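Numbering starts at 1 and runs along the sequence shown. On a predicted model such as this, the values are computed, not experimentally measured, just so you know.
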Amino acid sequence: MVLSLAPLESPSPAHICPFDQACSYLESAAKELKLDQGLLAILSHPRKAITVTIPVKLDNGDVQVLAGHRVQHCDVLGPYKGGTRYHPTVTLREVSALAMLMTWKCALLGIPYGGAKGGIAIAPAQYSERELERITRRYTSELLKDIGPSTDIPAPDVGTSAREMAWMMDTYSVNVGHAVPGVVTGKPLSIGGSLGREMATGRGVMIVVREALAQQGRAIAGSRIAIQGFGNVGSAAALLLHEAGAKIIAVSRGSGGIFAEDGLDIPAVKAYAAQNNRNLIGFPDAIPITNTDLLALPCDVLIPAALENQITADNVDQVQASIIAEAANGPVTLEADRALESRGVMVLPDILANAGGVVVSYLEWVQGLSYVFWNEERVNQEMEGLMVQAFQQVMKQSTARQVSLRLAAYTLGVGRVAQALSDRGLYP
Ligand code: GLU
């Protein structure tokens with residue numbers, strides 16, 4: 001049973017609907033947990049789905065009207081938490097799916113938050129910095145009543161960064177009349193951001209890859225790794241894995257990627273991308289490679305760190321890696337996931353593999369609330385502890401229930417939220 005979500009817009013037929021896919025994973029977990037149907041029905045729907053209109057004056061004087069979303073899935077464990085995505089493919093259904101994933105991710109990591117997500121369907125590169133600032137400020141002001149440090153706390157996601165968080169924090173603060181650093185996380189250090197936040201998601205990916213390799217009696221040093229996506233998450237994971245001795249044989253961006261049999265010099269690739277408008281093509285001593293070919297490279301670990309639905313029924317047979325770490329949210333479709341499971345490929349699910357970001361967001365929030373700020377070593381240590389603990393719990397659950405790592409992670413996340421929901425009871 002897939003509980004659909006009227007009245008959200010429906011996806012184009014060729015597209016795999018991320019919300020249906022998220023519900024499907026939830027239903028598998030509910031079945032495994034023998035969850036009450038009423039609880040399942042509640043968890044299958046976001047508590048609130050908000051769409052706002054964002055009229056923006058462009059630099060040339062024209063006015064453009066954009067749609068912005070914020071979906072709050074479930075706050076049974078604490079304030080809503082989740083990123084804000086700026087990408088042309090953003091839809092209300094996608095944001096709803098990602099909000100649901102945040103609920104399970106926070107519960108799995110044991111951090112007291114509920115799940116939310118926001119987004120605007122724009123290509124940020126097509127707007128000037130001043131236009132992006134106006135878009136972000138208007139979006140924030142439309143959501144003033146819905147966000148707040150103890151209600152819903154946005155953070156960066158695809159297409160946003162500390163810069164957008166500073167604009168959001170300022171807009172919120174000016175409107176309520178005093179500085180409220182806790183309304184967002186992933187903000188600049190100057191206004192209460194945390195050391196270690198920028199690299200956090202990539203660092204978390206490195207940690208789970210290290211733990212997964214260790215399970216198979218292998219080490220990061222010498223392992224061959226391909227990474228799809230070289231944005232904030234992909235580039236940080238690449239750098240940390242490179243520093244730990246892995247051979248990063250390929251990295252890519254939307255415009256294409258690069259391959260080097262003996263491993264890429266990742267600091268040099270980062271410098272090259274920074275100088276070339278983030279383009280990787282033309283990097284010396286590497287062969288250009290398409291995103292499709294990257295996924296099919298012979299390697300030990302494949303890290304999809306871009307967007308949803310990259311490994312599908314159509315290309316799953318070509319995947320040769322024995323470990324896949326989902327640095328992106330939902331990069332493997334349901335059908336592809338089943339195929340990988342039957343082949344014994346170890347898939348580290350998104351709600352575990354990319355949780356480092358929200359974990360350090362939580363540590364940022366805790367530091368802000370206590371007015372005590374830690375050094376980077378302390379932040380990394382606390383994050384590492386939570387990531388390794390969650391990894392071990394997922395492995396244990398997978399063995400105990402004889403299920404995939406994804407289903408194990410889902411049963412833990414969904415189970416904790418369901419328990420809290422039934423302990424709190426239904427109002428009225
Ligand atoms: N956007 C990130 C995620 O999907 C981080 C969210 C946060 O820090 O709240 O997990």
Checklist entry - Does the H73 side chain pair with the main chain of L98, one donor and one acceptor, at a distance under 3.5 Å? => result no
Checklist entry - For the atom pair CZ (R210) and CD1 (I220), what is the distance rounded to the nearest 0.5 Å? => result 6.5 Å
Next on the checklist: Can you confirm if the aromatic rings of Y113 and W365 lie within a centre distance of less than 6.0 Å?
Outcome noted: yes
Next on the checklist: Any salt bridge linking D300 with R218? Criterion: basic side-chain nitrogen under 4.0 Å from a carboxylate oxygen.
Outcome noted: yes
Item to check | Interatomic spacing from CG in N277 to CZ in R253 - rounded to 0.5 Å | outcome: 9.0 Å
Checklist entry - side chain to side chain contact (heavy atoms under 4.5 Å, CB included) with T140: which of V184, V183, I147? => result I147
Checklist entry - Does CD belonging to E308 count more than 12 external heavy atoms closer than 6.0 Å? => result yes
Item to check | Under 3.5 Å: donor-acceptor pair, side chain of D350, backbone of G330 | outcome: yes
Checklist outcome for this item: The reported gap from CE in M199 to CE in M383 (rounded to nearest 0.5 angstrom) is 9.5 Å
Item to check | Lys/Arg N to Asp/Glu carboxylate O, R137 vs E142, below 4.0 Å | outcome: no
Checklist entry - In terms of side-chain heavy atoms, does T411 have a donor or acceptor partner in Q397 at a distance below 3.5 Å? => result yes
Item to check | Check against side-chain hydrogen bond (donor to acceptor under 3.5 Å, both in side chains), S255 and N279 | outcome: CA-CA 7 Å; S255 50; N279 247 314; 2.9 Å; yes
Checklist entry - Going by an N to O cut-off under 4.0 Å, is there a salt bridge joining R93 and D20? => result yes
Checklist entry - Any sub-3.5 Å donor-acceptor pair from Q216's side-chain atoms to L213's backbone N or O? => result no
Checklist entry - Any side-chain heavy-atom pair from F230 and L280 closer than 4.5 angstrom? => result yes
Item to check | Under 3.5 Å donor-acceptor, S173 side chain and V180 backbone | outcome: yes
Item to check | From CA spacing to verdict: side-chain hydrogen bond (donor to acceptor under 3.5 Å, both in side chains), Y172, S141 | outcome: CA-CA 7 Å; Y172 185 87; S141 72; over 6 Å; no
Checklist entry - Short question: side chain of Q367, backbone of L363 - any donor-acceptor pair under 3.5 Å? => result yes
Checklist entry - Quick one: does D75's side chain get under 4.5 Å of L77's, heavy atoms only? => result no
Checklist entry - With distance as the sole criterion, is a donor-acceptor pair present between the side chains of R197 and S361 under 3.5 Å? => result yes
Checklist entry - Donor-acceptor pair, Q402 side chain versus T399 backbone, under 3.5 Å? => result yes
Item to check | N-O pairing of D152 and R70 below 4.0 Å | outcome: yes
Checklist entry - Should we say atom CZ of R401 is surrounded by more than 12 heavy atoms from elsewhere, each under 6.0 Å from it? => result yes
Checklist entry - H69 versus I50: any side-chain heavy-atom pair under 4.5 Å? => result no
Checklist entry - Crowded around R47 CZ? As in, over 12 foreign heavy atoms under 6.0 Å? => result no
Checklist entry - Hey, what do you get for NZ (K145) to CG (N175), rounding to the nearest 0.5 Å? => result 10.0 Å
Item to check | G229 backbone acceptor or donor facing S252 side chain under 3.5 Å | outcome: yes
Item to check | Lys NZ or Arg CZ of R406 over Y25 ring: under 6.0 Å, within 45° | outcome: yes
Checklist entry - Heavy-atom distance under 4.5 Å between the side chains of T312 and E335, does that happen here? => result no
Item to check | Heavy-atom side-chain contact between D157 and H87 under 4.5 Å | outcome: no
Next on the checklist: Measuring from atom CD1 of I311 to atom CD of E326, what distance do you get when rounded to the nearest 0.5 angstrom?
Outcome noted: 7.5 Å
Item to check | Main-chain N/O of T84 paired to T160 side chain as donor or acceptor, under 3.5 Å | outcome: yes
Checklist entry - Roughly how far, to the nearest 0.5 Å, is the CG atom of N380 from the CD atom of E382? => result 10.5 Å
Item to check | Whether Y80 side chain and V71 backbone form a donor-acceptor pair below 3.5 Å | outcome: no
Checklist entry - Looking at side-chain heavy atoms only, is the closest gap between V319 and I324 below 4.5 Å? => result yes
Checklist entry - Would you say the side-chain atoms of N354 pair up with the backbone N or O of A328, donor to acceptor, closer than 3.5 Å? => result yes
Item to check | K81-T185 side chain donor-acceptor pair, cut-off 3.5 Å | outcome: yes
Checklist entry - Does the side chain of L302 come within less than 4.5 Å of L294's, by heavy atoms? => result yes
Checklist entry - Does the pair E364/K187 count as a salt bridge with the N-to-O cut at 4.0 Å? => result yes
Item to check | Validation row: Y127, E133 side chains within 4.5 angstrom (heavy atoms) | outcome: no
Next on the checklist: As a test of understanding, state which of V251, N276, L264 forms a side chain to side chain contact (heavy atoms under 4.5 Å, CB included) with F283.
Outcome noted: L264
